[in-house]
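Here is the structure we will look at.
As the structure lists them, so they are numbered: ligands from 1, and atoms in each ligand from 1. Throughout, numbering of the chain's residues begins at 1 and tracks the sequence. This structure is a prediction, so every number in the text was calculated from the model and none was measured.
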Amino acid sequence: MAEYIEKAEIERQKTYLLKLKEQSNNFAIKNGRKPRANTETYGCQQNENDTERIRGILAEAGYEFVDKAEDADLVIYNTCAVRENAEDRVYGRLGILKHIKESKPELTIALCGCMVQQEHIVERIKKVHRHVDLIFGTHALYKLPELLYNTLCSKKMVIDTENSDGKIFEDMPILRDDNSKAWVSIMYGCNNFCSYCIVPYVRGRERSRKPEMILSEIKNLVADGVTEICLLGQNVNSYGKDLDEEIDFSDLLKMVNDIDGVERIRFMTSHPKDFGDKLIDTMATCQKVCHQLHLPFQAGNDRVLAEMNRKYTKEEYLEKIRKVKERIPDISLSTDIIVGFPTETNEEFLDTLDVLRKAEFDSVFSFIYSKREGTPAAKLDFVLTEEEIKKNFDKLLEVQNEISKKKNDAYVGKVFEVLVDGVSKNNDQMLSGRTDTAKIVNFKGDKSLCGKYVKVRVTESHTWSLNGEIVE
Ligand code: 5AD
Ligand code: SF4
C-alpha cells in the first residue's frame, strides 16, 4: 500500500504558505506589484503536471507569472534526466541566469525535478553554479512552501533531495493552464528498471493513488469545465497492484468513463509487457476512451530487447498491435524508439524498421540513446560509431514519415469531431484542435470556439497535421 504524506504535514506546509503570502503582501506594498515567478518545464507530461502543482503553490503564495526569466523575481526550472540534452539545456539556462542575477542580485533561482534527484548533478551545481538558491528533488515537491520560505529568509543554498521511495501527497493547490483538458496523475514512479533508463532511480517505486482521490479530482475538474482527461503514469498498466483493494487500470478506466461531463479519456504510458486483452476490451467498450494508444517498443530486435530488460519479444509486441487493430480498427498508434542502444548492431536495427513497417504507427517519438550514469546500460560498450547511429536515426525518420503521411492521407474527405485547443501556432487566423485519435487539425474559425467540440471535414493532409473546414 502506497504511503501518504500525513495530513498534519500538509497542514504544516499550509502554514508556510500563509507566511509566504504575508511576505508577498509586504513585497507588493514596497514595490507596487506582486512578486513575479517564471516556471519552465523540461521532459514528460508527469513533469508538466508537477509544474502545475508548483504554480498552484506559488499562486496561493501570492505570486503572479511571467514568461521571461528577465522579468521574474523567482525562477523555477523543473528538470528532466531522461537524456543528456535535456540536462545540457538546463546548464545552458543556468549560464544565462548567472548574468541576469549579476544585475539583479535579489533574483531567486530554484531547480527541481528528476535531474537534481541525482547526487552527481547536485555536487556539480554546488561547485559550479553557486548562484542557484534552492534545489529540491521529485520527492520534496509537497515541501515547496517551507523550502521556498527558508530560501527567501537565508543567504545559503537550500537543498532537499532526500532519496525516499516517494510518498503520495493530496490536497495541495494546483494551477492548470488549459480550461478544457487536464492531466491527472494516477500513479507515480516505476518498477521496471529498463537497463537504459534513469526514471526508476529518480522517481522511486510505483505507487498508485486511491481511486476515490482520482475520481474526486476528475469530478472537480469537470465542475470547472474540463471535458478531456489524460490519466498519467510511467506505466499505467500497473495501476492498483500496490493497493489493498482489488482494482486494475481497466477498472479505473470504466469508473472514469462513468463520470458525467467527461467527454474524452486518454492515458499514457502503457508498457507492452502488461498491455493485454482486458484493456483492449475496455478501450473498445468504454465510449469515452479515445481511440489512441501510445505503446513504446524501444527496439525491434529480441536480443536488444532482452538487454534492455523490456520483457517482451518483437513478435509478442506485434501480436498485441494486431489484436488492438482488429478490435479497434480506427485506433491511432504511437510509440517510443531508442536508436543506438550500445550493443545494437546495424543488422539488429533492421528489426526496428521492420516493426515500423508492420505496426504502421501514426506517429513515432524517436531518440538517440543517451548514456545515463548509474544505469546498467551505462557499462556497455558501443558497437556502432556516432555516424552510424545518426544514419540509422535518419533512416528511421525517412521510413516513418512516409507511413505518417499515408496514415494522415486516409483522413482526407472525412468528418471528425475536434476539441478546439486554441489559435494555431503558425497562423492566428486559424484554430487548432485534436480528433479523438489525437490528430492535430488546423481550420478557420472564431476564437470563441476554443474549448468546444466542432465537426471538421479534413481537406488536406501533411506528415504531422491535417487541414480542414468546419461543417456545421
Ligand atoms: N536514452 C534515450 N532515450 C531514452 N528514453 C528513456 N531513457 C533513454 C535514454 N537513456 C526514452 C524511451 C522512453 C522515453 C520517455 O524516453 O524511449 O520511452
Ligand atoms: Fe523508464 Fe522503462 Fe520505467 Fe518507462 S518503463 S520509465 S522506459 S524504466
Check your understanding: Evaluating non-hydrogen atoms only, which member of Ile198, Val82, Asp336 is closest to atom 13 (C) of ligand 1?
Key -> Asp336
**Study point:** Best match, Arg83, Met268, Gln298, Gln46: closest heavy atom to atom 4 (C) of ligand 1
**Key:** Arg83
Quick check with a 6.0 Å cut-off and a 45 degree axis cone: is [X] positioned over the face of [Y]'s six-membered ring?
{"X": "Lys210", "Y": "Tyr4", "answer": "yes"}
{"X": "Arg372", "Y": "Tyr201", "answer": "no"}
{"X": "Arg124", "Y": "Tyr91", "answer": "yes"}
{"X": "Arg83", "Y": "Phe367", "answer": "yes"}

**Study point:** Polar contact flag for Arg372 and ligand 1 (N/O pairs, less than 3.5 Å)
**Key:** no
[X]-[Y] side chain donor-acceptor pair, cut-off 3.5 Å:
{"X": "Asn191", "Y": "Lys241", "answer": "no"}
{"X": "Asn467", "Y": "Ser465", "answer": "no"}
{"X": "Asn392", "Y": "Asn346", "answer": "yes"}

Check your understanding: Side-chain contact, heavy-atom cut-off 4.5 Å: Pro145 with Glu60?
Key -> no
Point to revise | Sub-4.0 Å protein heavy atom next to atom 6 (S) of ligand 2 | key: yes
Study note, to complete from the structure: From the list Arg266, Met268, Arg264, side chain to side chain contact (heavy atoms under 4.5 Å, CB included) partner of Gln292 resolves to Arg266
Point to revise | Contact atoms of ligand 1, heavy-atom distance to Tyr369 under 4.0 Å | key: 1 (N), 2 (C)
Practice item. Run the numbers for me: atoms of ligand 1, each under 4.0 Å from some heavy atom of Ile368, listed by number. Key: 2 (C)
Exercise for review: Could you tell me if any non-hydrogen atom of Arg310 lies under 4.0 Å from any atom of ligand 2?
Suggested key: yes
Exercise for review: Please report which non-hydrogen protein atom sits nearest to atom 10 (N) of ligand 1, along with the residue it belongs to and the distance in Å to one decimal place.
Suggested key: Ser370 O, 2.8 Å
Review point. Among all residues two or more places apart in sequence or in another chain, which pass the ring-ring contact (aromatic ring centres under 6.0 Å, His included) test with Phe65?
Key: none
Practice item. Report, in ascending order of atom number, the atoms of ligand 2 lying under 4.0 Å from any heavy atom of His271. Key: 5 (S)
Review point. Ignoring water, what protein N, O or S atoms are under 2.8 Å from atom 1 (Fe) of ligand 2?
Key: Cys197 SG
